[in-house]
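To keep things clear, I will list the structure first and then write my remarks on it.
Any value given below was found using the heavy atoms of this structure, including those in side chains, with hydrogens, waters and symmetry copies removed.
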There are 2 protein chains.
Amino acid sequence: MTTQTDLLEFFKALAEPKRLKIAGILAQSPHAVEELASLLQLSEPTVSHHLNILARAGLVRARAEGHYSIYELRTDRLEYMAERLLAKDTLPALANDVDMHAYDRAVLHNFSRPDGRLKSLPAQRKKLEVVLRHAASLFKPNKRYSEKELNTTLSRLHDDTASLRRGLIEFKLMQRANGQYWRTD
Amino acid sequence: MTTQTDLLEFFKALAEPKRLKIAGILAQSPHAVEELASLLQLSEPTVSHHLNILARAGLVRARAEGHYSIYELRTDRLEYMAERLLAKDTLPALANDVDMHAYDRAVLHNFSRPDGRLKSLPAQRKKLEVVLRHAASLFKPNKRYSEKELNTTLSRLHDDTASLRRGLIEFKLMQRANGQYWRTD
DNA sequence: TAATTGATTAGATGGTTGTCTAATTGTAGT
DNA sequence: ACTACAATTAGACAACCATCTAATCAATTA
């Protein structure tokens, strides 16, 4: 959440040639807006705009001196961000608000009729597994089912209960012993 | 040169919400284009486009598997770039191709008439110093000048040779002893 | 106090780019 | 061989953003 906007602001700030160059110049020594405009061959408002974006990202800071605004690079902030990139849990956290089951739902939706029955069994393993996980979810954990019960439930999904049953075993979603089946959770 | 485009490509690649999220997802585990499209609620061509940009920046790599393209994050590259940011000479190098005298020239141009004489002496210290450095450059290093010679040369710039002379001393651009003047280089 | 100067804000414009649909390529399964 | 499917490429459109000019603000100098 905060991590995302944080990093995004940081990257956006430096993802522009002129701003990157400004950072480079300020890394050598602080400069006034007017000077930067000359060095970069840009108008002052444009430089002001860039500096504003860099400042929002925390990368530069202005101090007033006379009626100049002297901008300097905040190397501490830069180092902090670089270290966050090196931290092993920063990037994975960016996917926190992603619904990791969206793909499963999409696949399921693609292979299902409006009434919830399957149009067919997917040929691709990746998608077959999704469908089978769905099938497995029709059964309660820690409960034993006879093959007859199993087939009855599976037939709500698709006529080819044999393939479904075989898949459930093959993908280790269910286990069998003595003619009884149960979910492996 | 190469450093600039390198870094720029890196920042640009990650300066987009969806691409940043893709990096986050791939940081958890490799995924196919189709899956990413579902997870991000985007079309496959769009995801392909983003992955292409990330790949150009060296941040992801694809391996073919069936007719899927499984993309994975190149953490080595990420670490390498983060360390470059932490290196003390990376940023200053970004300003290598900047003409550091552009400001001086602009100031000089602003205060000069077409014939090269000064319209006036700048009030701002920062600009006065630029003009004075220019004045100092009219003299040879390692050579002594009498005050008469000094004034003659300075008068080519401006009538107020006294102010110029005082400024040169004050800003330590020239030194005086025994009625003689010389550049301090 | 008036005038000058540096910086910022407001508003307009052109270029970049994220996104989609349609078409193409290449691979797998019938 | 033919069909189906995942990925990419091509092309079009819309949103965003870098840039400029004009206007405003702030602070120093005359």
Side-chain angles (χ1 to χ4, degrees), chain A residues 8-9 11-22 30-38 40-57 60-71 103 106-107 110-111 119-128 130 163, chain B residues 8-9 11-22 30-38 40-57 60-71 103 106-107 110-111 119-128 130 163:
Chain A
L8 196 60
E9 218 171 22
F11 287 127
K12 273 188 167 173
L14 296 175
E16 207 278 335
K18 299 289 167 51
R19 282 200 290 272
L20 197 52
K21 206 158 281 185
I22 288 177
H31 284 274
V33 177
E34 186 191 32
E35 294 174 303
L36 292 171
S38 285
L40 298 167
Q41 322 247 53
L42 287 176
S43 72
E44 285 168 23
T46 300
V47 173
S48 211
H49 171 239
H50 285 317
L51 287 168
N52 187 33
I53 291 175
L54 287 167
R56 291 176 96 81
V60 303
R61 174 175 27 202
R63 69 164 187 277
E65 191 167 296
H67 43 205
Y68 292 95
S69 282
I70 309 288
Y71 279 85
Y103 175 69
V107 169
N110 253 319
F111 279 88
K119 292 188 244 183
S120 65
L121 297 187
Q124 310 295 333
R125 291 181 65 85
K126 198 189 287 278
K127 296 183 179 178
L128 178 57
V130 170
S163 292
Chain B
L8 196 60
E9 220 171 20
F11 287 127
K12 272 187 169 174
L14 295 175
E16 208 279 334
K18 301 288 167 50
R19 282 201 290 273
L20 197 52
K21 207 159 279 184
I22 288 177
H31 285 274
V33 177
E34 187 190 32
E35 293 174 304
L36 292 171
S38 285
L40 298 168
Q41 321 248 52
L42 287 177
S43 72
E44 286 168 23
T46 301
V47 173
S48 211
H49 171 238
H50 285 317
L51 287 168
N52 187 33
I53 291 175
L54 287 167
R56 292 176 96 81
V60 304
R61 174 173 30 200
R63 69 165 187 276
E65 191 167 296
H67 43 206
Y68 293 95
S69 281
I70 310 287
Y71 280 86
Y103 176 69
V107 170
N110 253 318
F111 279 88
K119 291 190 244 182
S120 65
L121 297 189
Q124 309 296 332
R125 290 182 65 84
K126 197 190 288 277
K127 297 185 176 178
L128 178 57
V130 169
S163 292

Counting only N and O atoms by type, is there a donor-acceptor contact under 3.5 Å from the side chain of [X] to the main-chain atoms of [Y]?
{"X": "A:Arg63", "Y": "A:Ile70", "answer": "no"}
{"X": "B:Gln124", "Y": "B:Lys127", "answer": "no"}
{"X": "A:Arg19", "Y": "A:His50", "answer": "no"}
{"X": "B:Lys18", "Y": "B:Val47", "answer": "no"}

- Query: For B:Ser48 and A:Glu65, take the nucleotide of DNA chain D holding the closest heavy atom to each; which residue's nucleotide lies nearer the 5' end?
  - Reply: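 Mapping each residue to its closest nucleotide by heavy atoms, the 5'-most match is B:Ser48.
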
[atom2] on [Y] to [atom1] on [X], rounded to 0.5 Å:
{"X": "A:Leu51", "Y": "A:Ile22", "atom1": "CG", "atom2": "CD1", "result": "5.0 Å"}
{"X": "B:His49", "Y": "B:Leu54", "atom1": "NE2", "atom2": "CG", "result": "10.0 Å"}
{"X": "A:Glu16", "Y": "B:Phe11", "atom1": "CD", "atom2": "CZ", "result": "13.0 Å"}
{"X": "B:Thr46", "Y": "B:Glu44", "atom1": "OG1", "atom2": "CD", "result": "10.0 Å"}

Report the distance from atom [atom1] of [X] to atom [atom2] of [N], rounded to the nearest whole Å.
{"X": "A:His67", "N": "D:dT28", "atom1": "NE2", "atom2": "P", "answer": "7 Å"}
{"X": "B:Lys127", "N": "D:dT28", "atom1": "NZ", "atom2": "P", "answer": "15 Å"}
{"X": "A:Arg125", "N": "D:dC5", "atom1": "CZ", "atom2": "P", "answer": "18 Å"}
{"X": "A:Gln124", "N": "D:dA7", "atom1": "CD", "atom2": "P", "answer": "10 Å"}
{"X": "B:Ile70", "N": "D:dA6", "atom1": "CD1", "atom2": "P", "answer": "12 Å"}
{"X": "B:Leu121", "N": "D:dT29", "atom1": "CG", "atom2": "P", "answer": "15 Å"}

- Item | Interface limits on DNA chain C, where chain A has a heavy atom under 4.0 Å of a nucleotide atom |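 Contacts span C:dT5 to C:dT9, reading 5' to 3'.
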
- Electrostatic pair B:Lys126-A:Glu65, nearest N-O below 4.0 angstrom: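 Salt bridge flag = no for A:Glu65 with B:Lys126.
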
- Item | Touch class at under 4.0 angstrom, heavy-atom based, for B:Ala32 against every strand present |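 Since only primed, P, OP1 and OP2 atoms lie under 4.0 Å of B:Ala32, the category is sugar-phosphate.
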
- Determine, for nucleotides 13-20 of chain D in 5'-to-3' order, which nucleotides have protein heavy atoms under 4.0 Å from the base (write B), from only the sugar-phosphate (write S), or from neither (write -). ----SSBB

